[in-house]
Visitor: 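The structure under discussion is supplied below as structure tokens; questions concerning it will follow.
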Amino acid sequence: MKALRLLFTNTKKHSPAKKWSFTPLFTDETQFISLIHASKTIKHLQQIHAQIILHQQFSNTRIVTQLISSSSFKKNFLNYALSIFRHSKNPNLFLFNSLIRALADNSYYMSSISYFLVMLRSNIRPNSLTFPFVLKSTSALQEGWLGMEIHNEILKLGLLHDRFVLLHLVDMYAKVGLLDCASQLFDESSQWGDDARSTLIWNVLINGFCKAGNWGKALELFEEMPEKYGSTWSSLIDGLMKAGEINRAMELWHSMEEKDVVSWTTMIDGFSQNEQHEKAISMFFEMLEEGGKPNDHTIVCVLLACAKAGALATGVRIHDYILNNGFTIKRGITTALVDMYSKCGSIENASCVFDKTEDKDLHTWTVMIWGCAINGYLHKALEFFNKMKSTGIKPDGVVFLAIITACSHAGNVEKGLDFFNKMKKDYSIPPTMKHYAVMVDLYGRSGRLDEALRLIKNMEIAPDFVIWGALFSACRAHKNIKMAEYASEKLLELEPKHPGSYVFLSNVYAGVDRWQDVEKVRSKMKNKGVVKDPGWSYIEIKGKVTSFVAGDCGHDLSDEIHLKLNEIVKSAREHGYMPETEWVLHNIEEEEKEDALGSHSEKLALAFALICSGDNEVIRIVKNLKICGDCHSLMKYASKMTGRGIVVRDIKRFHHFKDGSCSCQDYW
DNA sequence: TTAGGGTTAG
């Protein structure tokens, strides 16, 4: 550092014209190398580079290798490193190795392979230090054939017995999904003795099997493994969780003697990924009780679980925890906090955290704009979008998706269309399936069905299930049976096993009282063994999250809940509420239809909240499907009758009910 | 001989 400062002060004293004429400061090779290691910016490197040239040390490959290697740590150094490499007359093994590593470490996988090929062509013999990085690039590129070619090279050079090379080769095969090759190599190497085989080789193979979904084989290997690393446990738990094998994951977790942060985080995240958010949250607090120290990642995962479950009080508690426990609030955590607050319907807190964040990046802006979009604040979303642009951050496809969604929720077709076109023309961002889905939704909900269909027919990519589903919902809402039938044909064509396809179709028939057709669809569904996704709702009372499924009778307070619900419905009726039975599928008597509606999970959650929560508390419900028209109507009455704020987040957006009306203005 | 390992993931 001292030397670096000296170099700077020296440079500053000179005018640019004289810059190149100052007297040499360093002549020693080790001095140069330590200078390079201490450099922090590209400017430092350039100045050292100048000194190197000045001292005619440019053919010293020790120095130049260090110069190139230093670019491994910073992306914008890479072009500089490349230019240094290109100017060296006779690059040797070390230069190639350092460049290939720098490229691989910075995700320039293709280039690192290209330079490996240049190396071969220049008759420079790669060594065992070349291959780990070449293999790393190969697996990242997911090119198995290339991996095999490289395997061949390794054999030719007799480098297979190097423990690093072998490890990376097995890792590469596992990562590109060639698990047979990986296993074969692994088995073969067992005869070479412990020196040739790193103990980590078990890990990479187990990870490979986990990722391929073959957790049976992974468990088998794990049993055989002589020395089990904490990380192996975590990888396996993660693999099991991803495969939905929650009980097995739990079993493994309990048999772990020392639970580290990674394994706790894996469990929290695993529960959350399996939609068991309340379990994820309780796992986090269990971790604290047992003296575990969460890291940033743990916090992000548990905040995500809070966001998904709409657990605002718990989210606030975790926010307090990080403020009081010496966490430096970095961008990852801020983004998770903004996301949590906005997904819990508290846009004020979200913008409060957001405003305090100094180093906002594209992600931070995106979650904020999404928050405004789902909460129905188009004006705010537009404001944030413009502010973001003014700070010089270039919007990407995701931000555009958020802003178009905001337009869609506000029913502002023209603005949404304007953003959609701008994205394509001004930013050259090609629309993805999601953009089209929002656009179809935007047109469809405002009743411009023909335009929606035209958009679908002119799409540059083949429309998928979601696109037709969006059109379908619009047709249903606007009672265009003909187009709905057309859309549902497409849906069934695309995913004959998807319950949604059938539900869609029976919905449209139910909407126009064609009960025979409804019955036909339902029996077809039964015959094909298609099971409808149950609707569920989450509610957080006094920091504890409870979930309800439709028709739920399993709760301790079940009787009271149903009584309370009857009471609400009864008095709502007195205020003019009419159950909107067109939302029920079955061809049953009116009274029974009301029963079917009555057991929707969001209604049960509402009744539960009215029994258990404090009189002035806002009731916050999270629902996994779109809220039905009847529940929406009852919520409005309930908010007026009880004087309570009710917030329902459904799969699409927020509904803030107050005094008998909803923030979505009945447009959703 | 200047240099090499797998690992939770928004």
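Proteins come first, then strands; the chains are lettered A, B, ... in the order of their sequence lines, and each starts at number 1. Below, all heavy atoms of this structure are taken into account, side chains as well, without hydrogens, waters or symmetry copies.
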Visitor: Please tell me which of the listed nucleotides, B:dA9, B:dT8, B:dA3, lies nearest to the side chain of A:Lys211?
Guide: B:dT8
Visitor: Can you name the one residue among A:Tyr377, A:Phe400, A:Trp370 that meets ring pair (Phe, Tyr, Trp, His ring centres under 6.0 Å) with A:Phe385?
Guide: A:Phe400
Visitor: Does the side chain of A:Met148 come within less than 4.5 Å of A:Tyr173's, by heavy atoms?
Guide: yes
Visitor: By the 4.0 Å heavy-atom rule, please label A:Asp269 as base, sugar-phosphate, or nothing.
Guide: sugar-phosphate
Visitor: Check the distance between B:dG10's P and A:Gln273's CD and give it to me in whole angstrom.
Guide: 7 Å
Visitor: In whole angstroms, how far is the C1' atom of B:dT1 from the CD1 atom of A:Ile124?
Guide: 16 Å
Visitor: Using a heavy-atom cut-off of under 4.0 Å over every strand shown, decide if A:Asn207 touches base, sugar-phosphate, or nothing.
Guide: sugar-phosphate
Visitor: Once the angle between the rings of A:His49 and A:Phe58 is folded into 0 to 90°, is it parallel (under 30°), tilted (30 to 60°) or perpendicular (over 60°)?
Guide: parallel
Visitor: Rounded off to whole Å, could you give me the CZ-to-C1' distance for the A:Phe131 and B:dG4 pair?
Guide: 13 Å
Visitor: Counting the atoms with a prime plus P, OP1 and OP2 as sugar-phosphate, which does A:Ser234 contact under 4.0 Å by heavy atoms, base, sugar-phosphate, or nothing?
Guide: nothing
Visitor: Between B:dT8 atom P and A:Leu240 atom CG, what is the distance in whole Å?
Guide: 15 Å
Visitor: Whether A:Lys175 contacts B:dT7 is assessed here as follows: a side-chain N or O lying under 4.0 Å from the phosphate OP1 or OP2. Is that the case?
Guide: yes
Visitor: Out of curiosity, A:Lys136 NZ to A:Ser112 OG, how far, rounded to the nearest 0.5 Å?
Guide: 9.0 Å
Visitor: Just checking A:Asp162: base, sugar-phosphate only, or nothing, at a heavy-atom cut-off of under 4.0 Å?
Guide: base
Visitor: For A:Met267 and B:dA9, what is the distance between atoms CE and P respectively, to the nearest whole Å?
Guide: 14 Å
Visitor: Using whole Å, report how far CG of A:Leu129 lies from C1' of B:dT1.
Guide: 11 Å
Visitor: Looking at B:dA9, I'd like to know if its phosphate oxygens (OP1 or OP2) sit under 4.0 Å from a side-chain N or O belonging to A:Lys242.
Guide: yes
Visitor: Give the nucleotide from the list B:dG4, B:dT8, B:dG10 with an atom nearest to the side chain of A:Leu304.
Guide: B:dG10
Visitor: Contact class for A:Leu167 vs. all strands (heavy atom < 4.0 Å): base, sugar-phosphate, or nothing?
Guide: base
Visitor: Taking atom C1' of B:dG10 as reference, at what distance in whole Å does atom CD1 of A:Ile322 sit?
Guide: 14 Å
Visitor: With the side chain counted from C-beta on, respond yes when A:Pro126 and A:Phe96 share a heavy-atom pair under 4.5 Å apart, and no when they do not.
Guide: no
Visitor: Report which part of the nucleic acid A:Val165 touches: base, sugar-phosphate, or nothing (heavy-atom distance under 4.0 Å, all strands).
Guide: base
Visitor: Contact class for A:His363 (heavy atom, under 4.0 Å): base, sugar-phosphate, or nothing?
Guide: nothing
Visitor: What is the nucleic acid contact for A:Ser263, judged by heavy atoms within less than 4.0 Å: base, sugar-phosphate only, or nothing?
Guide: nothing
Visitor: On the nucleotide B:dT1, are OP1 or OP2 found under 4.0 Å from the side-chain N or O atoms that A:Arg62 carries?
Guide: no
Visitor: Do A:Ile246 and A:Gln276 have side chains that approach each other closer than 4.5 Å (heavy atoms only, starting at C-beta)?
Guide: yes
Visitor: Take the protein atom CG of A:Leu205 and the nucleotide atom P of B:dT7, then report the distance between them rounded to whole Å.
Guide: 13 Å
